[in-house]
Amino acid sequence: MIANRWSKLTAQQAFNAVLYSVEGNNTRSKMRIVEALLPLDMIPTYAQLSAKEIRALLPSVDWVFDAPILEPHINHFIINDVKFVLPEPRFKNVHLIEFSYASDFYNQMVEGKNQAMINKLVASLCRPEVKDLDRLSPQYNGDPRERFNPELIDRYADLIQHLGFEFKCYFVRYFNSCADHIVTQFKPLFTPQNVNETQEGHKLQTPNFGWLGVIMALADAGVFGNFEQTQYTNIYTALAYRLKKYYDEKELK
């Protein structure tokens with residue numbers, strides 16, 4: 001009876017369900033999702049359920065933990081005649097600086113359960129398509145999005161706040177899936193996360209020396225140019241280099 005009422009979710013309920021889903025597929029997260037999805041008039045009924053009856057509800061939220069979204073089902077959306085383009089599957093065309101900003105907005109969102117941060121998260125990675133884009137031009141770098149500019153995030157976020165909440169929740173899932181994929185690909189570079197049953201939220205793992213540390217270390221080495229140029233280095237390229245250095249240094253010890 002309770003699960004049958006979930007088609008009438010509020011935006012806040014959907015947002016809470018997404019937040020709890022990124023904490024991991026476990027009993028505690030499932031219980032929090034069930035409680036987050038409860039219609040207000042069903043709370044008294046839920047309060048009277050036995051532990052066994054509550055456990056019986058948990059499989060009904062398995063849909064929240066569907067397979068990771070590494071390839072989005074759409075590649076753009078349009079607001080006020082402006083075409084915003086999503087990053088490529090697995091964030092293959094994302095740079096260090098934009099991922100650093102996006103990670104910060106994501107962490108602020110899950111720590112403070114702040115819906116406004118979703119708009120900034122989306123705005124930092126989904127950007128207007130380059131004007132007069134010519135994919136056949138020798139100058140085309142494979143990324144149809146405008147060059148990342150942190151000064152424009154708030155402006156784009158103001159537009160994105162009018163976007164449907166369903167898409168925003170979907171994008172949070174997409175971001176979390178790709179971020180986890182990146183951590184898995186370059187696991188030795190990331191600080192292990194100590195997760196316990198009382199921890200609130202699910203902050204993203206960061207490199208052992210932080211994203212700014214990655215940029216500064218690479219810029220000091222001059223591998224990808226100066227600090228400005230290094231910020232716009234592809235995240236996979238930068239982390240692959242750092243991983244190679246990690247193993248090289250490990251062999252010398």
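Excluded from the calculations below are hydrogen atoms, water molecules and symmetry mates; all remaining heavy atoms, backbone and side chain alike, are included.
Checking side-chain atoms of Asn141 against main-chain N and O of Asp143 turns up a donor-acceptor pair under 3.5 Å. Although no hydrogens or angles enter the test, the distance criterion places no donor-acceptor pair under 3.5 Å between the side chain of Ser177 and the main chain of Pro68. Without hydrogens or angle criteria, Tyr241 side chain to Leu218 main chain gives no donor-acceptor distance under 3.5 Å. Formation of a donor-acceptor pair under 3.5 Å by the Arg145 side chain with backbone atoms of Leu125 is found in this model. Looking only at distances, no side-chain donor or acceptor of Glu35 sits under 3.5 Å from a matching main-chain atom of Arg32.
Heavy atoms only, all atoms of each residue included: Asn93 and Glu98 are closest at O-OE2, 3.9 Å. Shown here for Ala217 and Arg242, the closest heavy-atom pair between the two residues is CB-NH1, 3.7 Å. Contact record, Ile54 with Tyr46: CG2-OH, 3.6 Å, taken as the closest heavy-atom pair. For Val34 against Leu58, the heavy-atom pair with the smallest separation is CG2-CD2, 4.1 Å. The minimum heavy-atom distance between Glu53 and Gln48, with the atom names listed, is OE1-O, 4.4 Å. For the pair Leu121 and Ala102, the tightest heavy-atom approach, listed with the atom from each and the gap, is CD1-O, 3.5 Å.
Residues Asp180 and Asn176 meet the side-chain proximity criterion, which asks for heavy atoms closer than 4.5 Å. At least one side-chain heavy atom of Leu86 sits less than 4.5 Å from a side-chain heavy atom of Cys126. For the pair Tyr236 and Ile182, the minimum side-chain heavy-atom distance is below 4.5 Å. Side-chain contact between Tyr140 and Val130 is absent, with no heavy atoms from C-beta onward closer than 4.5 Å. Proximity of Pro207 to Phe186: side-chain heavy atoms (C-beta onward) are nowhere separated by under 4.5 Å. Leu212 is not listed as a side-chain neighbour of Ser100, based on a closest heavy-atom distance of 4.5 Å or more. Pro59 places none of its side-chain heavy atoms less than 4.5 Å from the side chain of Lys30. In this structure, the side chains of Asn107 and Met117 stay at 4.5 Å or more apart for every pair of heavy atoms.
Under a hydrophobic-cluster definition in which Ile, Leu, Val, Met, Phe, Trp and Tyr are linked whenever side-chain heavy atoms come within less than 4.5 Å, directly or via other members, Leu133 and Ile74 are assigned to different clusters. A single hydrophobic cluster is seen to contain both Met216 and Phe190, as judged by linkage of ILVMFWY side chains at heavy-atom distances under 4.5 Å, directly or through other members. Val85 and Ile153 are assigned to two separate hydrophobic clusters, defined by single-linkage of ILVMFWY side chains at heavy-atom distances under 4.5 Å. In the hydrophobic clustering of this structure, Leu152 groups with Tyr232; members are Ile, Leu, Val, Met, Phe, Trp, Tyr whose side-chain heavy atoms approach within less than 4.5 Å, directly or through other members. Placement of Ile97 and Val122 within a single hydrophobic cluster is found when ILVMFWY residues are connected by side-chain heavy-atom separations under 4.5 Å, directly or transitively.
For residues 217-227, the set of pairs meeting the salt bridge (Lys or Arg N to Asp or Glu O under 4.0 Å) definition, not counting sequence neighbours, is empty.
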For this session: Kindly determine whether Asp154 and Lys120 satisfy side-chain contact (heavy atoms from CB on, under 4.5 Å), including the steps that lead there.
Result: CA-CA 7 Å; Asp154 286 343; Lys120 292 191 175 186; 3.1 Å; yes
Exercise. Could you walk me through whether Leu49 and Leu57 pass the side-chain contact (heavy atoms from CB on, under 4.5 Å) check?
Worked result: CA-CA 10 Å; Leu49 297 180; Leu57 280 175; 3.9 Å; yes
For this session: Please lay out, stage by stage, how Gln115 and Met109 fare under the test side-chain contact (heavy atoms from CB on, under 4.5 Å).
Result: CA-CA 6 Å; Gln115 290 190 35; Met109 180 192 72; over 6 Å; no
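A distance of 5.5 Å separates CZ in Arg90 from CD in Glu71, rounded to the nearest 0.5 Å. Taking CD of Gln231 as the start and CG of Leu96 as the end, the distance is 9.0 Å to the nearest 0.5 Å. One finds the CZ atom of Arg173 at 11.5 Å from the SG atom of Cys178 (value rounded to the nearest 0.5 Å).
A cation-pi arrangement, defined by a distance under 6.0 Å to the six-membered ring centre and an angle within 45 degrees of its axis, is absent between Arg127 and Phe148.
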Please tabulate, for side-chain N and O atoms in residues 155-164, each donor-acceptor pair with protein atoms closer than 3.5 Å (sequence neighbours left out).
unit_1 : atom_1 : unit_2 : atom_2 : d
Tyr156 : OH     : Glu146 : OE1    : 2.7
Gln161 : NE2    : Asp158 : O      : 3.0

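Each of Thr230, Asn234, Ile215 was scored for a side chain to side chain contact (heavy atoms under 4.5 Å, CB included) with Phe224, with one residue passing: Thr230.
Residues passing the side chain to side chain contact (heavy atoms under 4.5 Å, CB included) test with Ser103, sequence neighbours excluded: Phe99, Phe175, Leu204, Trp211.
Using bins of under 30°, 30° to 60° and over 60° for the plane-to-plane angle, the ring pair Tyr174/Phe171 lands in the perpendicular bin.
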